[in-house]
Amino acid sequence: MNELEKMVLNEGSVLDNGVLKVDHFINHQVDPTLMEEIAKDFASVFQNKGITKVLTIESSGIAPALMTAKELNVPLIILKKQPSKVLYQDLFQTVVSSFTKETSYELTMAKNLLTEEDHVLIIDDFLAYGEAAAGAVRLIHMSHATVAGAGILIEKTFQGGRDKLKELGVMVYSQVRIEKMEKGNIVLAKERI
Ligand code: G4P
């Protein structure tokens, strides 16, 4: 069992609305040592894949994605969800609907960040329905770059995000795969892929 799996089982809690709360080590308070381990694991999986850039979606993906970019010695791109006064022109945008948060937003990236030479690794904290990651894939394809894969901290296998990405030809590697969760009970999938 890896460190993140232990943390999820020991410290994670499942809320009434079916959301896994990991606020004090991933997405509100961040554990830097855990992030470093997570990044080393992603780097070991993706290091020979010719990755030129790591890409994530603000905000909770930033910490693990930055550490992974450092391990792979490549830049990090952070996709924006809010309209920005600084990013005012030459943008790629795509609408993403979030089932978990019941909102939608325009995922945005400046056109000059990727070229057809780039091979991009997507890193994100959660894979639920795969809408955010699929939006990231659309933006990467708009810039004619290619997708090396998606590295996910926590995948909820029962929400189908992996299949959505597979349909887009994207290989997914998750450090924690949850096949079932309810209050007081988190069940990990046997296979970690
Ligand atoms: P999808 O992208 O896989 O389709 O997932 P969905 O739209 O349903 O959910 C997107 C948002 O909800 C993401 O945050 C994701 O991290 C978060 N999320 C999904 N499931 C869980 C969960 O079980 N626990 C927690 N804590 N978060 C979950 P976001 O809107 O991108 O916000 P941010 O936290 O990155 O700023």
Side-chain angles (χ1 to χ4, degrees), residues 4-31 34-35 38-39 42 54-69 76-84 93-109 120-141 147 149-189 193:
L4 185 56
E5 287 173 317
K6 284 183 206 157
M7 291 290 279
V8 165
L9 291 181
N10 297 333
E11 318 260 339
S13 56
V14 182
L15 304 180
D16 286 334
N17 57 3
V19 164
L20 176 67
K21 197 164 149 52
V22 289
D23 282 8
H24 58 294
F25 55 102
I26 293 180
N27 52 20
H28 198 13
Q29 172 172 277
V30 180
D31 179 336
L34 178 65
M35 290 301 144
I38 286 167
F42 282 142
V54 170
L55 177 148
T56 193
I57 300 148
E58 63 179 2
S59 59
S60 305
I62 295 174
L66 180 62
M67 301 286 245
T68 305
L76 168 65
I77 295 174
I78 302 164
L79 300 182
K80 308 284 186 183
K81 289 183 198 157
Q82 307 284 344
S84 160
Q93 288 193 303
T94 187
V95 174
V96 170
S97 305
S98 166
F99 292 103
T100 306
K101 298 198 171 171
E102 295 178 355
T103 53
S104 61
Y105 54 86
E106 294 244 24
L107 200 59
T108 302
M109 178 179 72
V120 182
L121 171 62
I122 299 166
I123 298 285
D124 211 357
D125 58 340
F126 275 94
L127 179 63
Y129 298 91
E131 293 293 333
V137 172
R138 289 196 293 277
L139 293 182
I140 293 167
H141 286 163
V147 182
I152 303 294
L153 272 63
I154 302 171
E155 173 185 355
K156 296 189 288 182
T157 65
F158 50 91
Q159 289 177 330
R162 177 177 290 265
D163 289 340
K164 174 164 278 165
L165 292 179
K166 202 172 161 192
E167 280 168 23
L168 297 171
V170 176
M171 170 262 193
V172 177
Y173 169 74
S174 304
Q175 298 199 7
V176 175
R177 303 185 71 228
I178 297 177
E179 69 176 27
K180 189 175 152 200
M181 61 182 209
E182 54 210 9
K183 252 192 157 170
N185 186 29
I186 298 170
V187 181
L188 300 185
I193 43 177

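Just so it is clear, the structure is predicted and the values come from calculations on it, not from any experiment. Read the numbers this way: they start at 1 and go in the same order the structure lists the ligands and their atoms.
- When non-hydrogen atoms are compared, ligand 1 lies under 4.0 Å from the side chain of Asp125 (C-beta onward) but not from its backbone.
- Counting heavy atoms under 4.0 Å from ligand 1, residue Val96 does not touch it at all.
- Checked against a 3.5 angstrom limit, the closest N/O atoms of Ser59 and ligand 1 fall inside it.
- Using a 4.0 Å cutoff on heavy atoms, Val19 counts as a contact of ligand 1.
- Residues Thr56 and Thr68 have side chains not in contact (no heavy-atom distance under 4.5 Å, counting atoms from C-beta outward).
- For the pair Gly161 and ligand 1, no heavy-atom separation below 4.0 Å is found.
- Assignment of Lys156 to the shell around ligand 1 is supported, since a heavy atom sits closer than 4.0 Å.
- Side-chain contact check for Met35 versus Ile26: some heavy-atom pair is nearer than 4.5 Å.
- Numbered from 1 in the order shown, with element, the atoms of ligand 1 that lie under 4.0 Å from a heavy atom of Asn27 read 26 (N).
- Residue Glu131 holds the heavy atom nearest to atom 4 (O) of ligand 1 of all those in His28, Lys21, Glu131.
- If you number the atoms of ligand 1 from 1 as listed, the ones under 4.0 Å from a heavy atom of Lys81 come out as 29 (P), 30 (O), 31 (O), 32 (O), 33 (P), 35 (O), 36 (O).
- Considering backbone and side-chain atoms together, Gln159 places no N or O closer than 3.5 Å to any N or O of ligand 1.
- With contacts defined as side-chain heavy-atom distances shorter than 4.5 Å, the pair Met7/Val22 does not qualify.
- The shortest N or O to N or O distance between Leu20 and ligand 1 is below 3.5 Å.
- The shortest heavy-atom distance from Lys164 to ligand 1 is not under 4.0 Å.
- At least one N or O atom of Tyr129 sits closer than 3.5 Å to an N or O atom of ligand 1.
- The shortest N or O to N or O distance between Ala128 and ligand 1 is under 3.5 Å.
- Geometrically, ligand 1 and Leu127 share no nitrogen or oxygen pair separated by less than 3.5 Å.
- Inter-residue side-chain proximity for Met109 and Leu55 is flagged as met; some heavy-atom pair is nearer than 4.5 Å.
- Residue Glu58 approaches ligand 1 through these ligand atoms, each under 4.0 Å from one of its heavy atoms: 35 (O).
- Among the atoms of Met181, none of the N or O lies under 3.5 angstrom from an N or O of ligand 1.
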